[in-house]
Amino acid sequence: MSNTKGSKHDDCKNFIPVDAAKGLCAWTNEMIAIDSECCPKFEELPKCKNCKSFVDRTKDGLGNCVGLEDKSFWAYGEMPAVNCQGWNN
Amino acid sequence: MTELDLQRKKKLGDILAEKGLGMNFQYGGKAPEEIVDREFQDLKPHPRVEKLYDLYLNTLSSVSMEFGYWYNRTYAQHEYEIPVYRRAKALAVAFAKTTPLIIPGELIVCCKARYYRGSFPMPQLSEGFFLAHEDEMYQEALKRGGESSGELSRVGAGGGNVTESFGKIVSIAGKFGIRAEEVPALNKIAKAWYKKSVDDLGNRWEREVPEYDLKEKIMRTMICMFDSGYTLPQGREVMSYYYPLEYGFDGLLAMCEEKKAEVAGNASGDGISGMDRLYFYASCIELIKGIQTWIENYAKEARRLKQYTHDPKLLADYDKISACCEWIAHKQPRTFYEAMQMIQFMHTITLNEDALSGMSPGRLGQVLWPWFEQDVAAGRITEDEALELLELQRVKFTCFDVFASFGVVGGVLSGNTFNNLAVGGLTRTGEPATNRLEYLMIHAGMTMPCPQPTLSILWDEKIPEDFVLKCAECTKIGTGYPAWFSFRMGTEFIWNHYQKEGMTLEEARSYAIGGCLETAPAVWKVLHLGGKEYEVPAGASQPAAVGVHFISNPKILEMVLFNGYDNRTGIQVFEPHGKKLESFDEIWEVYKDYYAKTIDVLCKCNNIQHDIWRKNNMCIIQSLFKPDCLDKGHHIGDMGYRWNGTYNIESCGTINMVNAFVALDKLVFQDKKYTLDDFRKAILANFGFYKADEIDSFSLAEQVKKDDGDEFDAIHGDCLQAPKYGNDDIAADKYLILWEKWFTKVAHTFESLFGLELYTCQNSVSTHGTQGRACLATPDGRLYGTTFADGSMSAYPGTDRNGPYALFKSATCWDQSWSQNSQMNMKIHPLAIKGENGTRHLADLIKAYLRRGAHHIQFNVCDSKVMRQAQANPEQHRDLLVRVAGFTQYWVEIGKHIQDEVIARTEYESI
């Protein structure tokens, strides 16, 4: 369980995205809107925005990733990092 | 004009009816007042399929940047690598990193992106659209502060298309939704490709063609509407699933390693490209590893999802998925289920390489037969279980979206992806190729009616009659599939065309349909399973429909009549011919001259676009899958495929052109009733009618006359009453013969970038709507902006007055094997073919047409009143399917200009 403040459903590990607006809660199998309020079972999904290697963040949600072998490349905070070997929280 | 104004004015259909000259929108009787439903509407898919399909119907077409991000980052990282290897690395990392998505209840998994109906932009092909809309999208993204929670029920009019931004979703290209948070990433990636994309580089180099200025004018005036080199460079072809199905990915890895060692440092007598083989095999190795990781990630995801459920059925599903993915990431599939899952991965992988449509499974029932046969014999699967898998596959394929610009997605494709699955045909040795699995595939098309895969039957006299009747039953459900093809005509075309590349008749028999109606060559490969050998077909050609697309035939005639000048845009397109046009022959000569100039410049420019594509954005995935790239060590850009002469010229509006020729020749040169100037004046005045766009209706009968429009009544009436194609009237049909004899032959005088001659392709997809809108009134009486007749052999709506057999005789007045295809659409009222007798009548009708030497026919079995109702109340008809040109699509996802045309097609009340 994590702090859900400022989070949306597609920031949660238990969320199965269906489209850009909604998805399924893996626990309940119910359809929920991505932007609706998260519940206490919220578990943070690895994303660039919650990685320590995501630096120089801008108001657009962009920043730089310094955690992979190319040392530095721009990244966007909302990208899932489930399969990123450099994700570091 | 207000709605009320419109209602007060007279429509063309009413005017003609008053004069006793009604257009014939019904033939063979009159439909009953009440709506008649289609047969077999009580068939249902398996419960789990129904649930997933319901989810699909409520899913928005969505894009995410994940795949594209990893592709671009890796591509940048390897800036100084050999281009093919650089691209392979980028693709491999993108596959390995993209988050897998499994929806509970799925048994066949794998999505293009992390959405159920997901896709992603590929600015490496064309970034101009995003940059043009960058600020607009960015501002839209900034505005998106609202909650999306109230928007779950937004699906309705427009189906799953995100036609407008809402909540935190930004609409792109009038179809796709993207999270506002991802728009800055999209813009960033698009900017990185500025002046580097295939589109930009292609444009830079095509300007070197001396006649480039003409090409610009041709595109701006919509004489042609499609640059194929950077929009949809692959597709309209048949997949080869053979290699991973035979060897497994580990086997392919070993093969590539061995080949790489064999060719490293050896030119083997080929001083130009012999050395390239090393880089190709190394690229394949990288790519296979990325693909294997992607498949394994799905296994992991299935295992992860187990934590959320105690439902034993769901737990069993996840175990089955993970075990399957773990196995097929490395080995040859052992069971029908594993083979089906392998197909899903391979198909999705292919779709993720390029923006492409028409990636067709081909004769999949014959490819999968070994697993089905052995599983059924061993009791590992029942037919009902196989049917469920086939239904699941239909939903997964329907989820595929192709991301391209609005003009391509809306104007050409109508949002369709054209994954064509063919049944029937003959084996290499000329025996019927039909098998029991193909029966189930047709049945799955009935129990799970949805657009993909669309179905085609390759009909031959030897195909068992009960199979033909099963396909006719499927046609009656009203989804528009299967499309019916003459196997003999297809084989004739294929063999004639590819003999130059060494094709034998036996090889020609392996062909299938790629995309809508594109006859696409293949080969036979030997597959081993359970100690048995099978011969299976495998696609082995370049995209069977790239090149010069689509030329508006009526628009060229407009150019002839107006001395090369486009009145709609005010552009002088062609050099003025300056001729008086004193005979039809003279018109025909100028017509051919303008047409040939059009092909010539478009062919040269498209060759350059495709050349840039093959150099900078080359295809590696299909090169890995399709014969004979692995044998040759060359990707498709270097002619690694077995068959390479696939480039074509696509036309649009043929029948309006034919009817226009008839009217001009008769009224001006034979009867001398009008002068060409009379025609020009009437055309510019749109025969006294409003433009279609002004009244937002695109079928002829609905067009509205201006209050002061009487001046052109006589000439318009004569144009409409002139003989028309589709009535077995040689006075009209002779112009079709004239056209086809020239068009199909002149194509061979043009050369693709592969140094091979072009051929003609005659299906309009959706361009007859878009290009109709750009075309003034035509001498056949058609009005400005109205949709052309679809395809190439369908009659113009309301003009086929003598019944289906007369239409068939008109359509087969020329040798259809000269062309890659032809296209015939018919609309039949459900009552006309009701019951078992109706099914037989339908099958007999089809066979009568195909036996006459036709290439193709397909049907909308639907009461036109249902379509009118659906146009008025789209939200009540989310799942209504119609056949447009060569594809089946949701009514609510096609544009109004096409809807109007489908409604207007002549409805046969009896056959």
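Numbers restart at 1 for each chain; the letters A, B, ... are given by sequence-line order, proteins then strands. Given the structure is predicted, the values throughout are model-derived calculations rather than measurements. FYI, side chains are in, hydrogens and waters are out, and symmetry mates aren't considered; it's all heavy atoms of this structure.
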Between chain B and each of [options], count heavy-atom pairs under 4.5 Å; write down the option with the most.
options: A/Asp10, A/Asn29, A/Leu24, A/Thr28; result: A/Asn29
options: A/Gly77, A/Ala75, A/Gly61; result: A/Ala75
options: A/Met79, A/Glu78, A/Gln85; result: A/Met79

Could you walk me through whether A/Leu45 and B/Thr99 pass the side chain to side chain contact (heavy atoms under 4.5 Å, CB included) test, one step at a time? CA-CA 11 Å; A/Leu45 178 78; B/Thr99 313; over 6 Å; no
Quick test of your reading of the model: are A/Lys8 and B/Glu181 salt-bridged, counting only N-O distances below 4.0 Å?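 Yes.
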N-O pairing of A/Asp19 and B/Arg117 below 4.0 Å: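 No, no charged N to carboxylate O under 4.0 Å.
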Between [X] and chain A, with a heavy-atom cut-off of 4.5 Å, which part of the residue counts as in contact: side chain, backbone, both or neither?
X: B/Gln77; result: side chain
X: B/Ile102; result: backbone
X: B/Ala76; result: side chain
X: B/Thr74; result: neither

To the closest 0.5 Å, what do you measure between CZ (B/Arg179) and CD1 (A/Ile34)?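 B/Arg179 CZ to A/Ile34 CD1: 4.5 Å, rounded to 0.5 Å.
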Going from CD1 on A/Ile16 to CZ on B/Arg114, what distance comes out if it is rounded to the nearest 0.5 angstrom?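 Result: 10.0 Å between the selected atoms.
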Might you confirm whether atom NZ of A/Lys49 has over 12 heavy atoms from other residues, nucleotides or ligands at distances under 6.0 Å?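 Buried by this count: over 12 neighbours within 6.0 Å.
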When you look at B/Lys188 and A/Asp60, which way does the side chain to side chain contact (heavy atoms under 4.5 Å, CB included) test go after all the steps? CA-CA 11 Å; B/Lys188 183 118 180 150; A/Asp60 290 343; over 6 Å; no
Heavy-atom side-chain proximity of B/Tyr115 to A/Val18 below 4.5 angstrom: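 With C-beta onward as the side chain, the pair stays apart.
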Compare all side-chain heavy atoms of A/Leu68 with those of B/Arg73 and state whether any distance is below 4.5 angstrom.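 Side chain of A/Leu68 against side chain of B/Arg73, heavy atoms only: contact under 4.5 Å found.
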For [X] versus [Y], what's the shortest heavy-atom pair and its separation?
X: B/Thr59; Y: A/Lys22; result: CA-NZ, 4.1 Å
X: B/Pro100; Y: A/Asn83; result: CD-ND2, 3.8 Å
X: B/Gln307; Y: A/Trp27; result: O-CZ3, 3.7 Å
X: B/Leu60; Y: A/Ala21; result: CD1-CB, 4.1 Å
X: B/Asn72; Y: A/Phe73; result: O-CZ, 4.3 Å
X: B/Trp70; Y: A/Cys84; result: CH2-SG, 4.1 Å

